[in-house]
Number of protein chains: 2
Amino acid sequence: MPAMTETKSITADKIASHLSQAVHEHRLQPGAKLREDEVCDLFGVSRTIVRQALRSMEFEGLLTIEKNRGAFVSKPTLKEAQEVFQARALLEPSTARAAAMRANAGDIEMLERHIKDEHVALDQDEAGLALKLSGDFHLEIARIADQQTIEQFLRQLISRSSLVIALYWRRRNALCESNAHHALVDALRNGDGDSAEELMKGHLLDIFSQLDLRERAEGSTSLRDALRL
Amino acid sequence: MPAMTETKSITADKIASHLSQAVHEHRLQPGAKLREDEVCDLFGVSRTIVRQALRSMEFEGLLTIEKNRGAFVSKPTLKEAQEVFQARALLEPSTARAAAMRANAGDIEMLERHIKDEHVALDQDEAGLALKLSGDFHLEIARIADQQTIEQFLRQLISRSSLVIALYWRRRNALCESNAHHALVDALRNGDGDSAEELMKGHLLDIFSQLDLRERAEGSTSLRDALRL
DNA sequence: TACTCACTTTTTGTATACAATATTTTTTAT
DNA sequence: ATAAAAAATATTGTATACAAAAAGTGAGTA
């Protein structure tokens with residue numbers, strides 16, 4: 001008897017999140033083109049759905065859709081890169097403060113798991129995955145702060161940060177920021193809003209200071225490979 | 001010889017901005033349903049385009065699309081209302097400061113025109129239009145500050161503010177805030193960043209303090225009337 | 001070789017047909 | 001007359017067909 005493993009009902013959201021993950025992990029590089037038919041074949045849906053997914057990713061800033069030319073992974077300019085971190089600097093410190101006031105034991109545990117996963121990913125040379133997890137850590141703090149509106153903006157900003165890092169990150173090896181994350185968790189655990197706010201501010205400045213000013217050449221990746229389908 | 005008055009090429013963007021304006025001016029109230037066919041007839045395009053427009057308005061927070069049920073003008077909850085103004089309080093004061101550093105004579109002139117238009121609208125009992133212009137004033141400041149990322153977020157926040165005001169505004173008569181706008185323009189003209197930041201902070205608090213906690217009953221409007229088509 | 005023009009192929013944009021779901025109306029039974 | 005069930009209608013969701021635009025190809029010319 002054949003197994004009923006029909007997953008079925010692939011939604012635009014699922015496609016978008018699959019593609020987004022690939023962008024976040026730098027398996028899809030800025031500038032890469034996402035042809036509609038190719039995505040259709042990969043996920044087995046019609047162009048209607050794929051176009052919905054691409055459109056939503058455009059709204060999030062991950063893709064840039066050029067009329068009659070197609071959807072490309074966005075290549076933030078230097079000015080946009082600066083703006084992204086300026087905006088984060090305005091939103092995240094006070095969010096960290098609010099999170100410190102609300103975090104419970106379960107929240108702390110989840111954050112620590114995030115950090116652990118990051119380490120594992122780094123140990124396995126999965127820098128892309130580690131970067132994705134690092135972004136999720138920041139989002140998780142907004143969730144703990146119970147600020148959905150800000151969380152939504154932060155999601156976009158972190159997505160764009162991932163593109164910025166793909167283009168402007170100085171060294172290719174490690175993200176030495178897990179210490180900062182640890183310190184943040186400590187502040188949250190102690191309900192120390194002042195520290196949380198300051199640590200977050202410093203952490204963002206630290207990341208920003210590690211960006212390089214020069215532009216980088218884009219690499220082209222096979223869509224199929226990038227998605228691991 | 002017949003006049004070549006073919007406007008032609010009605011894009012999803014045009015439809016979205018037309019509909020958005022109607023929401024901003026409270027001609028379309030929170031809870032109102034936007035049927036696809038109706039919008040199609042009004043603008044003379046296929047559902048494909050209309051659906052694009054509605055989807056983009058959903059991303060901006062103006063509409064809520066319920067699966068298999070349709071698109072409705074969003075009805076922000078009280079918590080969402082608070083979040084919107086919390087987010088604005090984080091973003092706008094520092095944006096006003098930046099604008100004070102960059103505003104030139106043309107910028108000031110444009111802001112003053114905005115204020116004048118607001119007054120005219122109020123004198124003609126076009127409270128909806130005045131509200132729209134008031135929102136544009138805030139957006140204009142972000143534009144002067146040359147912060148596109150923040151401007152984009154602010155656009156969404158101001159859209160949602162309009163819904164919040166439709167639902168939770170205390171008195172129906174006047175928006176007595178034009179003084180605040182005047183003071184802001186003065187600060188910008190003088191390049192006084194400190195004042196601009198403080199004034200904006202106070203202005204937002206002032207608006208927020210005038211919101212009522214109770215929920216309101218929704219009114220239903222004919223889509224055709226609301227759009228004046 | 002380098003260039004351009006025409007032609008072919010590929011890819012995206014829009015409208016429409018059909019399917020699935022929700023809503024309204026009618027029928028039927030108590 | 002009321003309520004439940006069933007049918008009819010209206011509305012949204014998805015796939016597909018066709019149109020329009022862009023990208024690619026190759027012959028011909030200087």
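Just so it is clear, the model here is predicted, and its values are computed rather than measured. Numbered from 1 within each chain, the chains take letters A, B, ... in sequence-line order.
With rounding to whole Å, L54(B) atom CG is found 9 Å from dT12(D) atom P. Protein atom CZ of F43(B) is 17 Å distant from nucleotide atom C1' of dT14(C), rounded to whole Å. Separating the CG atom of D37(B) from the P atom of dT9(D) is a distance of 17 Å, rounded to the nearest angstrom. Separating the CD atom of Q52(A) from the P atom of dT12(D) is a distance of 14 Å, rounded to the nearest angstrom. Rounded to whole Å, the distance from CD on E38(B) to C1' on dT12(D) is 15 Å. In this structure, the CZ atom of R35(A) is 13 Å from the C1' atom of dG24(D), given to the nearest Å. Between E58(B) atom CD and dT12(D) atom C1' the separation is 14 Å, expressed in whole Å. In this structure, the CZ atom of R47(A) is 18 Å from the P atom of dA17(C), given to the nearest Å.
When each of R55(B) and N68(A) is assigned the nucleotide of DNA chain D bearing its nearest heavy atom, the one mapping closer to the 5' terminus is R55(B). Ranked by how close their nearest DNA chain D nucleotide is to the 5' end, S46(A) and K67(A) are led by S46(A).
Listed pair T48(B) / dT14(C) fails the phosphate criterion, with no side-chain N or O lying under 4.0 Å from OP1 or OP2. For dA22(D), the OP1/OP2 oxygens have no side-chain nitrogen or oxygen of R69(A) closer than 4.0 Å.
Taking the centre of each ring, H138(A) and H203(A) come in below the 6.0 Å mark.
Among the nucleotides dT12(C), dA15(D), dA15(C), the one closest to any side-chain atom of I49(B) is dA15(C).
By the neighbour-count criterion of 12 heavy atoms within 6.0 Å, atom NZ of K79(A) is densely surrounded, having more than that number from other residues, nucleotides or ligands.
The aromatic rings of F208(B) and F85(B) sit tilted relative to each other, their planes meeting at an angle between 30° and 60°. Taking the six-membered ring for Trp and thresholds of 30 and 60 degrees, F43(A) and H18(A) have ring planes more than 60 degrees apart, a perpendicular arrangement.
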